[in-house]
Amino acid sequence: MASHFAKTTIVLGALFMSASAFSHDHHSHGKPLSDMEKKAANGEFNDNDVRDRNLNDWDGMWQSLYPYLQDGSLDPVLRKKAEKDKSKSFDEIKAYYQKGYATDIDTIGIENGVIEFHVGDKVSACKYDYAGHKILTYTSGKKGVRYLFECKDASSKAPKYVQFSDHIIAPRTSAHFHIFMGNTSQEVLLAEMDNWPTYYPYQLKKDQVVDEMLHH
C-alpha cells in the first residue's frame, strides 16, 4: 500500500496543480464558497445544515505543518494572529500552536477508503468506516463538526479511531484539515481540544503553505 501511494504522488500532484490549490481562498478546491459555507468556516451554522461526508473528501497526500512551525517558517502567520488578537503575545500564540500541531506523523495518504500514516520510513494503514459526525460548541461560542471514522482491522497498527475537522459541514473537497487520532474511543477524542495535528496538500511548497495561511 505504501508503495502504491508513492507511485500515485506524482499523479495527485498534477491534480492538485490543475485545481485552484494556490488561490488565496481558504477552501480553494472546486466552486467558490457560498455565504453559508463562509459562515460555517467561521464556526457559525445551523445544526440542520450539517451533512454526512465520505472519506474521499480528504483524498490525497498531505503534509504536516508541525515541521514548519518548528523551523520558524510559520512565524509570519503567527505574528499576524498576534496583531489581530491583542490579548495574546506572539510567544503565547506560538506555544498554543506548538501544542496544537505537535505530531510525529510526517505525511498522510488517503485513497479508496484507506488512510496511510507515515512516520519517518514506517507506514501504518487501515481501511476506515464512517462512524457519523458530531457537532461541538466551543467555549468561544463558535461551533465545529468532526467527522468520525473507525478502523476495524485488529491487526492494523494504524489508529483505531480518527476524526477530521476542516471547517466544512457538508460534502466538499478539503483544502486542509485538523485530525484527531487514538485507540481508546471516539468519545475520548471528542474531548481533545489541545492537540489537533494539521495537514496541507503535500504538493504545496513551504512558501506556498505560508502564503495560503496568510491570506485565508
Side-chain angles (χ1 to χ4, degrees), residues 9 12-33 35 37-44 57-58 60-110 117-120 138-146 163-169 172-181 192-216:
T9 298
L12 289 168
L15 291 174
F16 277 116
M17 289 289 285
S18 64
S20 53
F22 306 139
S23 96
H24 290 164
D25 191 339
H26 189 186
H27 298 294
S28 52
H29 295 268
K31 62 184 179 181
L33 293 177
D35 288 342
E37 288 173 317
K38 288 177 183 176
K39 283 187 175 180
N42 195 41
E44 302 170 13
D57 272 2
W58 295 275
M61 288 294 297
W62 304 88
Q63 60 179 318
S64 168
L65 289 188
Y66 191 46
Y68 297 158
L69 183 76
Q70 290 180 300
D71 71 10
S73 297
L74 298 186
D75 283 2
V77 178
L78 303 182
R79 290 191 201 288
K80 184 177 179 181
K81 290 180 182 294
E83 289 170 8
K84 283 186 176 181
D85 183 0
K86 302 297 185 183
S87 69
K88 296 184 182 69
S89 69
F90 168 80
D91 288 340
E92 288 172 327
I93 289 175
K94 188 160 187 174
Y96 172 76
Y97 281 91
Q98 282 277 9
K99 192 171 184 180
Y101 287 169
T103 183
D104 61 352
I105 298 172
D106 312 305
T107 56
I108 292 175
I110 305 173
F117 302 90
H118 296 247
V119 180
Y138 307 119
T139 54
S140 65
K142 302 284 188 179
K143 294 192 294 184
V145 181
R146 294 209 197 157
Q163 299 175 2
F164 290 92
S165 174
D166 58 2
H167 319 290
I168 302 174
I169 65 170
R172 185 182 181 98
T173 300
S174 188
H176 79 265
F177 61 81
H178 311 291
I179 190 168
F180 303 80
M181 302 160 282
E192 176 58 70
M193 296 290 169
D194 297 323
N195 179 233
W196 18 268
T198 301
Y199 292 79
Y200 271 66
Y202 184 80
Q203 291 72 24
L204 291 179
K205 297 187 184 302
K206 185 187 295 188
D207 60 340
Q208 292 168 328
V209 170
V210 174
D211 186 65
E212 281 278 300
M213 298 183 76
L214 281 171
H215 293 94
H216 75 53

Atom [atom1] in [X], atom [atom2] in [Y]: separation rounded to 0.5 Å?
X      : Y      : atom1 : atom2 : result
Tyr97  : Glu92  : OH    : CD    : 13.5 Å
Ser174 : Tyr200 : OG    : OH    : 9.5 Å
His176 : Ser165 : NE2   : OG    : 8.0 Å
Asp207 : Glu212 : CG    : CD    : 11.0 Å
Met181 : Ile105 : CE    : CD1   : 4.0 Å

Is a donor on one side and an acceptor on the other found under 3.5 Å between the side chain of Asn195 and the backbone of Gly100? yes

Going by the rule ring pair (Phe, Tyr, Trp, His ring centres under 6.0 Å), which residues pair with Tyr199 if we only count those two or more places apart in sequence or in a different chain? Phe177

List for me each residue that meets ring pair (Phe, Tyr, Trp, His ring centres under 6.0 Å) alongside Tyr96, sequence neighbours excluded, and say none if there are none. Trp196

Excluding sequence neighbours, so at least two apart, what forms salt bridge (charged side-chain N to carboxylate O under 4.0 Å, His left out) with [X]?
X      : answer
Asp104 : none
Asp106 : none
Glu44  : Lys142
Lys81  : none

The side chain to side chain donor-acceptor pair (under 3.5 Å) partners of Lys88 (sequence neighbours excluded) come to Asp85

Who are the side chain to side chain donor-acceptor pair (under 3.5 Å) partners of Thr107, not counting sequence neighbours? none

Walk me through whether Glu37 and Arg172 qualify under side chain to side chain contact (heavy atoms under 4.5 Å, CB included). CA-CA 10 Å; Glu37 288 173 317; Arg172 185 182 181 98; 3.3 Å; yes

Quick one: are Met213 and Leu65 in side-chain contact, heavy atoms under 4.5 Å? yes

Mind checking whether Asp166 and Trp58 have side chains closer than 4.5 Å, heavy atoms only? yes

Let's go through Thr198 and His178 carefully: what are the C-alpha distance in whole Å and the side-chain angles of both, what is the deciding distance for side-chain hydrogen bond (donor to acceptor under 3.5 Å, both in side chains) to 0.1 Å, and is it a yes or a no? CA-CA 4 Å; Thr198 301; His178 311 291; 2.7 Å; yes

Geometric cation-pi criterion Arg146 and Phe164, 6.0 Å radius, 45° cone: no

Run the side-chain donor-acceptor check on residues 67-77: report pairs under 3.5 Å with partners two or more places apart or on a different chain.
from	atom 1	to	atom 2	distance (Å)
Tyr68	OH	Gln63	OE1	2.7
Gln70	NE2	Tyr66	OH	3.4
Asp71	OD1	Ser73	N	2.9
Asp71	OD1	Ser73	OG	2.6
Asp71	OD2	Ser73	OG	3.4
Asp71	OD2	Lys206	NZ	2.8
Ser73	OG	Lys206	NZ	3.4
Asp75	OD1	Lys94	NZ	2.8

Taking all non-hydrogen atoms of both residues, which atom of Ser89 and which atom of Ala82 are closest, and how far apart? C-CB, 4.4 Å

On a heavy-atom basis, the closest approach of Pro201 and Ala175 is CD-O, 3.3 Å

Could you tell me which residues satisfy side-chain contact (heavy atoms from CB on, under 4.5 Å) with Lys99, sequence neighbours excluded, listed by chain and number? Asp194

